[in-house]
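Working notes for the structure below.
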Amino acid sequence: MFDEALQPSGLRSGQFVMLLSIARLGDPTYGQLARELVMDTSTIVRNLQPLQRENLIDLVAGPDRRRKTVRITAGGAARIRQAVPLWRKAQESFNSRVGEDRWTRMLVDLGQTLESVRGY
């Protein structure tokens with residue numbers, strides 16, 4: 001549902017969430033992004049490749065050159081701005097189908113699950 005809604009932006013839902021996370025964290029390392037998205041680093045690296053090919057992100061050498069940070073480009077920021085209204089419309093449709101109460105319970109459950117996993 002969300003992938004379909006985001007088609008005009010050229011992003012899939014996972015890419016959109018990844019771009020938002022990068023923007024929110026402000027030039028995160030691979031490790032920081034992996035912790036934020038509850039993924040392993042190799043999955044992060046693999047999922048960043050299409051975003052880099054489309055010039056939506058830059059990979060920047062960190063202070064010790066062993067760590068790279070991920071930075072949103074101007075094109076990436078523009079793509080986020082394009083995708084946000086599409087995402088909101090899909091979220092409203094989802095909420096109307098699922099119901100606000102059920103959606104709120106799902107968010108609480110997911111938040112508790114993430115706290116447990118992140119503490120692993």
Side-chain angles (χ1 to χ4, degrees):
M1 177 179 177
F2 286 89
D3 282 346
E4 186 177 313
L6 288 171
Q7 278 181 346
S9 73
L11 294 172
R12 294 186 11 227
S13 57
Q15 293 172 320
F16 176 65
V17 170
M18 189 166 281
L19 283 174
L20 284 177
S21 296
I22 295 165
R24 188 178 69 72
L25 292 171
D27 299 353
T29 63
Y30 291 160
Q32 290 169 325
L33 193 55
R35 282 188 298 280
E36 175 72 14
L37 296 173
V38 193
M39 298 173 137
D40 62 82
T41 305
S42 62
T43 302
I44 291 293
V45 171
R46 191 171 46 255
N47 287 317
L48 289 174
Q49 290 171 350
L51 299 175
Q52 185 181 23
R53 277 194 304 270
E54 290 187 45
N55 296 315
L56 303 177
I57 61 165
D58 282 328
L59 303 179
V60 181
D64 64 7
R65 293 189 178 264
R66 288 179 295 162
R67 285 198 230 182
K68 289 186 179 177
T69 60
V70 186
R71 180 173 296 150
I72 294 287
T73 64
R79 194 75 66 93
I80 289 171
R81 286 190 301 276
Q82 180 186 11
V84 165
L86 302 170
W87 181 271
R88 284 189 179 137
K89 185 175 179 182
Q91 186 67 56
E92 288 169 8
S93 176
F94 179 82
N95 289 358
S96 70
R97 292 177 187 188
V98 172
E100 290 290 334
D101 290 342
R102 190 172 184 194
W103 174 237
T104 300
R105 286 192 312 271
M106 288 170 62
L107 284 176
V108 169
D109 289 345
L110 181 59
Q112 291 170 345
T113 302
L114 285 174
E115 284 180 30
S116 298
V117 172
R118 284 187 175 137
Y120 169 67

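Quantities reported herein were computed from a predicted structural model and do not represent experimental measurements.
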Side chains of [X] and [Y] in contact at under 4.5 Å (non-hydrogen atoms):
X: Q91; Y: R88; answer: no
X: I44; Y: M18; answer: yes
X: V70; Y: L59; answer: yes
X: R97; Y: M1; answer: yes
X: E36; Y: P28; answer: no
X: L37; Y: N47; answer: no
X: V60; Y: D27; answer: no

Rounded distance [0.5 Å steps], [atom1] in [X] versus [atom2] in [Y]:
X: L48; Y: I57; atom1: CG; atom2: CD1; result: 4.5 Å
X: R46; Y: T41; atom1: CZ; atom2: OG1; result: 11.0 Å
X: F16; Y: L56; atom1: CZ; atom2: CG; result: 12.5 Å
X: N55; Y: T73; atom1: CG; atom2: OG1; result: 6.5 Å
X: R102; Y: F94; atom1: CZ; atom2: CZ; result: 8.0 Å
X: L25; Y: R35; atom1: CG; atom2: CZ; result: 10.0 Å

- Is it true that a side-chain atom of N95 and a backbone atom of E100 form a donor plus acceptor pair closer than 3.5 Å?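 Judged by distance alone, no pair lies under 3.5 Å.
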- Task: Could you tell me whether a side-chain N or O of S93 sits under 3.5 Å from a main-chain N or O of K89, the two making a donor and an acceptor?
- Result: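 No; zero donor-acceptor contacts below 3.5 Å.
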- Item | L114 with V108, same ILVMFWY side-chain cluster at under 4.5 Å |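 L114 and V108: separate clusters.
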- For the hydrophobic clusters of this structure (ILVMFWY residues joined by side-chain heavy atoms under 4.5 Å, transitively), does one cluster hold both L107 and V17?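 Yes: a chain of side-chain contacts under 4.5 Å links L107 to V17.
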Heavy atoms only: give me the nearest [X]-[Y] pair and the separation to one decimal.
X: P50; Y: Q15; value: CB-NE2, 3.9 Å
X: R67; Y: T29; value: CD-CG2, 4.1 Å
X: L86; Y: A5; value: CB-O, 3.6 Å

- Kindly check if the number of other-residue, nucleotide or ligand heavy atoms within 6.0 Å of CG (D101) is above 12?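 No.
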- What class does the angle between the rings of F2 and W87 fall in, given that below 30° is parallel, 30 to 60° is tilted and above 60° is perpendicular?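 Tilted.
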